[in-house]
There are 2 protein chains.
Amino acid sequence: MRYADTILEIIASSHSHMTAEQIFFALKQQYPSVVLATVYNNLNALYAQEKIRKISVAGYPDRYDKNTRHDHLVCRRCGALLDIHLSDLTRELERQTGFAIEGYDLKIRCLCPQCRAKEQAANQAYESPDL
Amino acid sequence: MRYADTILEIIASSHSHMTAEQIFFALKQQYPSVVLATVYNNLNALYAQEKIRKISVAGYPDRYDKNTRHDHLVCRRCGALLDIHLSDLTRELERQTGFAIEGYDLKIRCLCPQCRAKEQAANQAYESPDL
DNA sequence: ATTGGAATTAGAATAATTCTAAATTTGGTG
DNA sequence: CACCAAATTTAGAATTATTCTAATTCCAAT
(Lines give C-alpha, C1' and ligand atoms only; values in the text may rest on other atoms or scores of the structure.)
Protein backbone atom coordinates (compact mmCIF):
# COMPACT_ATOMS: atom_id res chain seq x y z
CA MET A 1 0.00 0.00 0.00
CA ARG A 2 2.22 2.69 -1.36
CA TYR A 3 -0.26 5.46 -0.62
CA ALA A 4 -1.52 4.37 2.75
CA ASP A 5 0.64 6.77 4.75
CA THR A 6 -0.18 9.72 2.54
CA ILE A 7 -3.87 8.92 2.78
CA LEU A 8 -3.58 8.67 6.54
CA GLU A 9 -1.95 12.09 6.61
CA ILE A 10 -4.63 13.58 4.38
CA ILE A 11 -7.30 12.28 6.73
CA ALA A 12 -5.42 13.27 9.86
CA SER A 13 -4.80 16.80 8.71
CA SER A 14 -8.29 17.40 7.35
CA HIS A 15 -10.67 19.30 9.50
CA SER A 16 -13.61 18.18 7.45
CA HIS A 17 -14.79 14.62 7.00
CA MET A 18 -13.71 13.62 3.54
CA THR A 19 -15.34 11.30 1.06
CA ALA A 20 -13.31 8.81 -0.94
CA GLU A 21 -13.52 11.18 -3.88
CA GLN A 22 -12.21 14.15 -1.96
CA ILE A 23 -9.34 12.07 -0.64
CA PHE A 24 -8.69 10.94 -4.19
CA PHE A 25 -8.37 14.53 -5.42
CA ALA A 26 -6.13 15.48 -2.52
CA LEU A 27 -3.90 12.48 -3.22
CA LYS A 28 -3.78 13.35 -6.90
CA GLN A 29 -1.99 16.60 -6.06
CA GLN A 30 1.00 14.52 -5.07
CA TYR A 31 0.48 11.47 -7.28
CA PRO A 32 -1.33 12.54 -10.42
CA SER A 33 -1.55 9.03 -11.82
CA VAL A 34 -3.39 7.56 -8.87
CA VAL A 35 -6.83 6.13 -9.47
CA LEU A 36 -10.02 6.15 -7.42
CA ALA A 37 -10.07 2.38 -7.01
CA THR A 38 -6.68 2.57 -5.33
CA VAL A 39 -8.06 5.04 -2.85
CA TYR A 40 -10.92 2.67 -2.08
CA ASN A 41 -8.49 -0.22 -1.72
CA ASN A 42 -6.37 1.75 0.70
CA LEU A 43 -9.31 3.11 2.64
CA ASN A 44 -10.78 -0.35 3.03
CA ALA A 45 -7.45 -1.71 4.20
CA LEU A 46 -6.92 1.15 6.64
CA TYR A 47 -10.45 0.68 7.93
CA ALA A 48 -9.91 -3.06 8.38
CA GLN A 49 -6.77 -2.24 10.37
CA GLU A 50 -8.85 0.19 12.42
CA LYS A 51 -6.54 3.03 11.53
CA ILE A 52 -9.42 5.14 10.30
CA ARG A 53 -13.14 5.35 10.86
CA LYS A 54 -15.85 5.20 8.24
CA ILE A 55 -18.99 7.22 8.78
CA SER A 56 -22.14 6.16 6.97
CA VAL A 57 -25.12 8.45 6.93
CA ALA A 58 -28.11 7.58 4.75
CA GLY A 59 -28.18 9.77 1.68
CA TYR A 60 -24.50 10.70 1.74
CA PRO A 61 -21.40 8.90 0.56
CA ASP A 62 -19.25 7.35 3.25
CA ARG A 63 -16.86 9.73 4.92
CA TYR A 64 -13.60 8.95 6.65
CA ASP A 65 -12.17 10.20 9.89
CA LYS A 66 -9.21 9.67 12.16
CA ASN A 67 -9.71 6.84 14.58
CA THR A 68 -9.59 8.79 17.82
CA ARG A 69 -12.35 8.38 20.33
CA HIS A 70 -14.97 11.00 19.61
CA ASP A 71 -18.53 11.27 18.49
CA HIS A 72 -20.39 13.13 15.76
CA LEU A 73 -23.14 15.62 15.37
CA VAL A 74 -24.92 15.15 12.03
CA CYS A 75 -26.86 18.03 10.59
CA ARG A 76 -30.31 16.80 9.63
CA ARG A 77 -30.52 19.36 6.86
CA CYS A 78 -27.16 19.44 5.08
CA GLY A 79 -25.49 16.29 6.39
CA ALA A 80 -22.50 18.15 7.82
CA LEU A 81 -20.52 16.27 10.45
CA LEU A 82 -19.08 17.93 13.53
CA ASP A 83 -16.72 16.24 15.93
CA ILE A 84 -17.60 16.30 19.57
CA HIS A 85 -15.87 14.80 22.54
CA LEU A 86 -18.21 13.12 24.94
CA SER A 87 -17.40 10.92 27.85
CA ASP A 88 -16.66 7.34 26.87
CA LEU A 89 -19.72 5.11 27.07
CA THR A 90 -18.01 1.75 26.59
CA ARG A 91 -18.10 0.58 30.19
CA GLU A 92 -21.64 1.69 30.71
CA LEU A 93 -22.76 0.00 27.49
CA GLU A 94 -21.05 -3.23 28.44
CA ARG A 95 -22.72 -3.08 31.82
CA GLN A 96 -26.15 -2.48 30.29
CA THR A 97 -25.88 -4.96 27.41
CA GLY A 98 -23.74 -7.72 28.87
CA PHE A 99 -21.96 -7.94 25.50
CA ALA A 100 -18.27 -7.70 24.75
CA ILE A 101 -18.22 -4.37 22.94
CA GLU A 102 -15.64 -3.64 20.30
CA GLY A 103 -16.65 -0.05 19.86
CA TYR A 104 -19.60 2.10 19.16
CA ASP A 105 -20.74 4.80 16.88
CA LEU A 106 -22.84 7.63 18.21
CA LYS A 107 -24.37 10.09 15.80
CA ILE A 108 -26.40 12.92 17.20
CA ARG A 109 -28.98 14.44 14.93
CA CYS A 110 -29.36 18.19 15.14
CA LEU A 111 -29.10 21.31 13.03
CA CYS A 112 -25.74 22.86 12.38
CA PRO A 113 -25.63 26.60 13.15
CA GLN A 114 -25.90 27.59 9.47
CA CYS A 115 -28.93 25.40 8.82
CA ARG A 116 -30.57 26.50 12.02
CA ALA A 117 -30.28 30.09 10.81
CA LYS A 118 -31.77 29.12 7.44
CA GLU A 119 -34.67 27.25 9.01
CA GLN A 120 -35.45 30.15 11.26
CA ALA A 121 -35.41 32.50 8.30
CA ALA A 122 -37.75 30.13 6.43
CA ASN A 123 -40.12 29.95 9.40
CA GLN A 124 -40.14 33.71 9.75
CA ALA A 125 -41.01 33.99 6.07
CA TYR A 126 -43.84 31.51 6.54
CA GLU A 127 -45.30 33.25 9.55
CA SER A 128 -45.14 36.71 8.01
CA PRO A 129 -44.72 36.34 4.28
CA ASP A 130 -43.71 39.33 2.17
CA LEU A 131 -46.63 39.45 -0.22
CA MET B 1 -49.51 7.01 -0.33
CA ARG B 2 -51.76 4.10 -0.89
CA TYR B 3 -49.26 1.62 0.52
CA ALA B 4 -47.91 3.58 3.45
CA ASP B 5 -50.02 1.84 6.08
CA THR B 6 -49.26 -1.61 4.76
CA ILE B 7 -45.56 -0.80 4.68
CA LEU B 8 -45.76 0.49 8.24
CA GLU B 9 -47.40 -2.77 9.29
CA ILE B 10 -44.77 -4.84 7.50
CA ILE B 11 -42.05 -2.96 9.33
CA ALA B 12 -43.85 -3.01 12.65
CA SER B 13 -44.52 -6.72 12.54
CA SER B 14 -41.07 -7.70 11.34
CA HIS B 15 -38.63 -8.96 13.89
CA SER B 16 -35.73 -8.48 11.54
CA HIS B 17 -34.56 -5.20 10.08
CA MET B 18 -35.73 -5.20 6.52
CA THR B 19 -34.15 -3.68 3.44
CA ALA B 20 -36.22 -1.82 0.87
CA GLU B 21 -36.08 -4.90 -1.30
CA GLN B 22 -37.36 -7.21 1.40
CA ILE B 23 -40.19 -4.83 2.15
CA PHE B 24 -40.92 -4.72 -1.55
CA PHE B 25 -41.28 -8.50 -1.74
CA ALA B 26 -43.46 -8.59 1.36
CA LEU B 27 -45.69 -5.88 -0.10
CA LYS B 28 -45.91 -7.76 -3.38
CA GLN B 29 -47.67 -10.62 -1.64
CA GLN B 30 -50.64 -8.32 -1.20
CA TYR B 31 -50.17 -6.01 -4.19
CA PRO B 32 -48.44 -7.94 -6.94
CA SER B 33 -48.25 -4.95 -9.28
CA VAL B 34 -46.33 -2.73 -6.89
CA VAL B 35 -42.90 -1.56 -7.93
CA LEU B 36 -39.66 -1.03 -6.02
CA ALA B 37 -39.60 2.72 -6.69
CA THR B 38 -42.95 3.05 -4.95
CA VAL B 39 -41.51 1.34 -1.92
CA TYR B 40 -38.64 3.81 -1.88
CA ASN B 41 -41.06 6.71 -2.28
CA ASN B 42 -43.11 5.51 0.63
CA LEU B 43 -40.13 4.70 2.81
CA ASN B 44 -38.64 8.13 2.19
CA ALA B 45 -41.94 9.80 3.01
CA LEU B 46 -42.41 7.73 6.16
CA TYR B 47 -38.87 8.51 7.18
CA ALA B 48 -39.39 12.23 6.59
CA GLN B 49 -42.47 12.04 8.81
CA GLU B 50 -40.34 10.23 11.38
CA LYS B 51 -42.69 7.27 11.38
CA ILE B 52 -39.83 4.88 10.71
CA ARG B 53 -36.10 4.80 11.23
CA LYS B 54 -33.45 4.18 8.62
CA ILE B 55 -30.31 2.37 9.62
CA SER B 56 -27.17 2.85 7.52
CA VAL B 57 -24.19 0.62 8.04
CA ALA B 58 -21.28 0.83 5.63
CA GLY B 59 -21.28 -2.16 3.31
CA TYR B 60 -24.96 -2.98 3.73
CA PRO B 61 -28.10 -1.55 2.16
CA ASP B 62 -30.17 0.71 4.36
CA ARG B 63 -32.52 -1.10 6.67
CA TYR B 64 -35.74 0.16 8.18
CA ASP B 65 -37.09 -0.12 11.68
CA LYS B 66 -39.99 1.04 13.77
CA ASN B 67 -39.44 4.43 15.29
CA THR B 68 -39.48 3.45 18.94
CA ARG B 69 -36.65 4.54 21.17
CA HIS B 70 -34.06 1.80 21.16
CA ASP B 71 -30.50 1.21 20.08
CA HIS B 72 -28.72 -1.35 17.95
CA LEU B 73 -25.98 -3.86 18.21
CA VAL B 74 -24.29 -4.35 14.84
CA CYS B 75 -22.39 -7.55 14.22
CA ARG B 76 -18.97 -6.68 12.87
CA ARG B 77 -18.85 -9.92 10.94
CA CYS B 78 -22.25 -10.46 9.35
CA GLY B 79 -23.86 -7.06 9.75
CA ALA B 80 -26.84 -8.41 11.70
CA LEU B 81 -28.73 -5.85 13.75
CA LEU B 82 -30.10 -6.58 17.19
CA ASP B 83 -32.40 -4.26 19.08
CA ILE B 84 -31.42 -3.30 22.57
CA HIS B 85 -33.08 -1.02 25.03
CA LEU B 86 -30.68 1.26 26.81
CA SER B 87 -31.42 4.20 28.99
CA ASP B 88 -32.20 7.36 27.07
CA LEU B 89 -29.14 9.54 26.55
CA THR B 90 -30.85 12.64 25.18
CA ARG B 91 -30.70 14.76 28.31
CA GLU B 92 -27.13 13.84 29.02
CA LEU B 93 -26.09 14.56 25.43
CA GLU B 94 -27.79 17.93 25.48
CA ARG B 95 -26.05 18.73 28.71
CA GLN B 96 -22.65 17.72 27.34
CA THR B 97 -23.02 19.28 23.89
CA GLY B 98 -25.13 22.34 24.56
CA PHE B 99 -26.99 21.60 21.31
CA ALA B 100 -30.70 21.17 20.77
CA ILE B 101 -30.76 17.48 19.95
CA GLU B 102 -33.42 16.02 17.71
CA GLY B 103 -32.40 12.46 18.26
CA TYR B 104 -29.46 10.17 18.11
CA ASP B 105 -28.36 6.94 16.65
CA LEU B 106 -26.22 4.61 18.70
CA LYS B 107 -24.75 1.56 17.04
CA ILE B 108 -22.67 -0.77 19.13
CA ARG B 109 -20.15 -2.89 17.31
CA CYS B 110 -19.78 -6.42 18.57
CA LEU B 111 -20.10 -10.01 17.43
CA CYS B 112 -23.49 -11.65 17.35
CA PRO B 113 -23.57 -15.01 19.16
CA GLN B 114 -23.42 -17.01 15.91
CA CYS B 115 -20.40 -15.14 14.59
CA ARG B 116 -18.66 -15.30 17.93
CA ALA B 117 -19.00 -19.08 17.79
CA LYS B 118 -17.61 -19.13 14.25
CA GLU B 119 -14.66 -16.93 15.14
CA GLN B 120 -13.83 -19.08 18.10
CA ALA B 121 -13.96 -22.16 15.93
CA ALA B 122 -11.65 -20.48 13.40
CA ASN B 123 -9.22 -19.50 16.14
CA GLN B 124 -9.20 -23.02 17.53
CA ALA B 125 -8.42 -24.34 14.07
CA TYR B 126 -5.58 -21.87 13.73
CA GLU B 127 -4.04 -22.70 17.09
CA SER B 128 -4.21 -26.45 16.60
CA PRO B 129 -4.67 -27.16 12.92
CA ASP B 130 -5.73 -30.66 11.82
CA LEU B 131 -2.85 -31.54 9.53
C1' DA C 1 18.81 -10.11 -14.45
C1' DT C 2 14.75 -13.11 -12.93
C1' DT C 3 11.06 -14.35 -10.39
C1' DG C 4 7.13 -14.09 -7.28
C1' DG C 5 3.96 -11.66 -4.72
C1' DA C 6 1.66 -7.56 -3.70
C1' DA C 7 -0.22 -3.19 -5.16
C1' DT C 8 -1.93 -0.42 -8.74
C1' DT C 9 -4.36 0.62 -12.86
C1' DA C 10 -8.15 0.81 -16.12
C1' DG C 11 -12.33 0.15 -16.88
C1' DA C 12 -16.26 -2.86 -16.69
C1' DA C 13 -19.72 -4.42 -13.49
C1' DT C 14 -22.76 -4.21 -9.72
C1' DA C 15 -25.90 -2.60 -6.26
C1' DA C 16 -28.68 0.72 -4.26
C1' DT C 17 -31.19 4.48 -4.93
C1' DT C 18 -33.15 8.42 -7.37
C1' DC C 19 -35.12 10.64 -11.24
C1' DT C 20 -38.28 11.52 -15.10
C1' DA C 21 -42.20 11.33 -17.65
C1' DA C 22 -46.35 9.11 -18.56
C1' DA C 23 -50.34 6.81 -16.71
C1' DT C 24 -53.44 6.05 -13.00
C1' DT C 25 -55.93 6.98 -8.92
C1' DT C 26 -58.20 9.95 -5.67
C1' DG C 27 -60.98 13.52 -3.84
C1' DG C 28 -63.49 17.45 -4.36
C1' DT C 29 -66.95 20.27 -7.09
C1' DG C 30 -70.58 21.50 -10.23
C1' DC D 1 -72.53 11.18 -11.92
C1' DA D 2 -68.89 13.57 -14.62
C1' DC D 3 -65.06 16.37 -14.60
C1' DC D 4 -60.83 18.42 -13.11
C1' DA D 5 -56.71 19.04 -10.42
C1' DA D 6 -53.48 17.18 -7.48
C1' DA D 7 -51.10 13.45 -5.75
C1' DT D 8 -49.35 8.86 -6.36
C1' DT D 9 -47.75 5.10 -8.84
C1' DT D 10 -45.50 2.96 -12.59
C1' DA D 11 -41.78 1.79 -15.79
C1' DG D 12 -37.60 2.14 -16.86
C1' DA D 13 -33.60 4.98 -17.57
C1' DA D 14 -30.05 7.33 -15.00
C1' DT D 15 -27.00 8.20 -11.38
C1' DT D 16 -23.92 7.38 -7.65
C1' DA D 17 -21.00 4.91 -4.88
C1' DT D 18 -18.42 1.11 -4.62
C1' DT D 19 -16.43 -3.33 -5.94
C1' DC D 20 -14.51 -6.54 -9.06
C1' DT D 21 -11.48 -8.43 -12.69
C1' DA D 22 -7.69 -8.88 -15.35
C1' DA D 23 -3.67 -6.94 -17.00
C1' DT D 24 0.27 -4.36 -15.70
C1' DT D 25 3.69 -2.48 -12.77
C1' DC D 26 6.49 -2.33 -8.78
C1' DC D 27 9.66 -4.06 -5.53
C1' DA D 28 12.29 -7.13 -2.81
C1' DA D 29 14.84 -11.33 -2.63
C1' DT D 30 17.27 -14.61 -5.08
Side-chain angles (χ1 to χ4, degrees), chain A residues 1-11 14 16-49 51-65 74 76-81 105 107, chain B residues 1-11 14 16-49 51-65 74 76-81 105 107:
Chain A
M1 294 188 315
R2 197 183 341 162
Y3 305 113
D5 288 340
T6 312
I7 289 175
L8 268 181
E9 277 162 33
I10 289 169
I11 292 170
S14 161
S16 63
H17 295 81
M18 300 173 86
T19 62
E21 230 193 352
Q22 291 170 331
I23 292 166
F24 166 60
F25 285 121
L27 187 62
K28 262 196 130 158
Q29 308 287 321
Q30 291 183 57
Y31 302 97
S33 73
V34 85
V35 122
L36 185 54
T38 300
V39 173
Y40 275 107
N41 286 343
N42 278 271
L43 288 172
N44 286 340
L46 289 169
Y47 178 60
Q49 296 166 66
K51 291 190 180 159
I52 58 176
R53 282 166 70 179
K54 187 192 287 205
I55 309 162
S56 282
V57 177
Y60 300 93
D62 289 347
R63 284 167 283 187
Y64 297 85
D65 200 357
V74 185
R76 174 198 82 214
R77 199 163 177 278
C78 72
L81 289 171
D105 169 23
K107 281 180 287 219
Chain B
M1 293 188 318
R2 197 177 348 156
Y3 305 114
D5 288 340
T6 312
I7 289 175
L8 268 181
E9 276 163 34
I10 289 168
I11 291 170
S14 161
S16 62
H17 296 82
M18 299 172 89
T19 64
E21 230 193 351
Q22 290 170 330
I23 292 166
F24 166 60
F25 285 121
L27 187 62
K28 263 196 130 160
Q29 308 288 321
Q30 292 182 56
Y31 302 98
S33 74
V34 85
V35 123
L36 185 53
T38 300
V39 173
Y40 276 108
N41 286 344
N42 279 271
L43 288 172
N44 287 341
L46 289 168
Y47 180 60
Q49 299 166 64
K51 290 191 181 158
I52 58 175
R53 283 166 70 180
K54 188 192 285 206
I55 309 163
S56 281
V57 177
Y60 300 92
D62 290 346
R63 283 166 283 186
Y64 297 87
D65 200 356
V74 184
R76 174 196 83 215
R77 200 163 178 278
C78 72
L81 290 170
D105 170 24
K107 278 178 286 211

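In the text below, chain A, chain B and the rest are named by the order of the sequence lines, each starting its count at 1.
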Under 3.5 Å, which donor-acceptor pairs do the side chains of residues 35-45 of chain B form with other protein atoms, sequence neighbours left out?
unit_1	atom_1	unit_2	atom_2	d
Asn42(B)	OD1	Ala4(B)	N	3.4
Asn42(B)	ND2	Thr38(B)	O	2.8
Asn44(B)	ND2	Tyr40(B)	O	3.4

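The distance between atom OH of Tyr47(A) and atom C1' of dT19(D), rounded to the nearest whole Å, is 16 Å. What separates CG of Leu43(A) from P of dT18(D) is a distance of 9 Å, to the nearest Å. Taking atom CD of residue Gln22(A) and atom P of nucleotide dT16(D), one finds them 15 Å apart after rounding to whole Å. Taking atom CE of residue Met1(B) and atom C1' of nucleotide dT10(D), one finds them 17 Å apart after rounding to whole Å.
For the pair Lys107(A) (side chain) and Ser56(A) (backbone), a donor-acceptor distance under 3.5 Å is present.
By the side-chain contact (heavy atoms from CB on, under 4.5 Å) test, Ser16(A) pairs with Ser14(A), Met18(A), sequence neighbours left out. A search for side-chain contact (heavy atoms from CB on, under 4.5 Å) contacts involving Arg2(B) returns nothing, not counting sequence neighbours. Residues passing the side chain to side chain donor-acceptor pair (under 3.5 Å) test with Arg76(B) are Glu102(A), Glu119(B), sequence neighbours excluded. Not counting sequence neighbours, Lys54(B) has no partner by the salt bridge (Lys or Arg N to Asp or Glu O under 4.0 Å) test. With sequence neighbours left out, Lys51(A) forms a side chain to side chain donor-acceptor pair (under 3.5 Å) with Gln49(A). In this structure Thr6(A) satisfies the side chain to side chain donor-acceptor pair (under 3.5 Å) test with no other residue, sequence neighbours excluded. For Tyr3(B), the ring pair (Phe, Tyr, Trp, His ring centres under 6.0 Å) criterion is met by Tyr31(B), not counting sequence neighbours. Residues that satisfy the side-chain contact (heavy atoms from CB on, under 4.5 Å) test with Thr19(B), not counting sequence neighbours, are Glu21(B), Gln22(B), Pro61(B), Arg63(B).
Between its opening and closing five pairs, the helix from dA1(C)-dT30(D) to dG30(C)-dC1(D) changes axis direction by 10°, a value rounded to 10 degrees.
Contact check of residues 32-42 of chain A against DNA chain C (heavy atom, cut-off under 4.0 Å) returns Ser33(A), Val34(A), Val35(A), Ala37(A), Thr38(A), Asn41(A), Asn42(A).
With a heavy-atom cut-off of 4.0 Å to chain B, the contacted part of DNA chain C has its first and last nucleotide at dA16(C) to dT25(C).
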